[in-house]
Amino acid sequence: MCIRCRHAEAPDPLGYCATCAVHARIELTEGYRRLARYLGAWAAFDEWSRRHGAEPANG
C-alpha cells in the first residue's frame, strides 16, 4: 500500500506507488528551488546591507 495515497500497491522501496513517486519527486524539486530562492534573497540582502554600512546579521 502506498504511504502517500493509501490506494495503490507500492513496489517502490520507499513505499510509494509509481504515480506518487513522481509527485513526491516534483514536490522535492520545487522545495529545493524555493529554498535556493530564499537563500539567494538572504544573500542579496546581506550584500545590500554590507554596501550600506550595516553590520552583518551573524556578527
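Residue Ile3 comes nearest to Leu14 through the heavy atom pair CD1-O, 3.5 Å, listed as atom of the first residue, atom of the second, then distance.
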Would you be so kind as to tabulate the donor-acceptor pairs closer than 3.5 Å made by side chains of residues 19-26, with sequence neighbours excluded?
none

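Sorted by first and then second residue, the salt bridge (Lys or Arg N to Asp or Glu O under 4.0 Å) pairs involving residues 3-20 (not counting sequence neighbours) are Arg4-Glu27. The list of salt bridge (Lys or Arg N to Asp or Glu O under 4.0 Å) pairs with a residue in residues 28-37, not counting sequence neighbours, reads Glu30-Arg33, Glu30-Arg37.
Under the side chain to side chain donor-acceptor pair (under 3.5 Å) criterion, Tyr38 pairs with Trp42, not counting sequence neighbours.
Other members of a hydrophobic cluster containing Met1 are absent, since no ILVMFWY side chain comes under 4.5 Å of it, directly or through relayed contacts.
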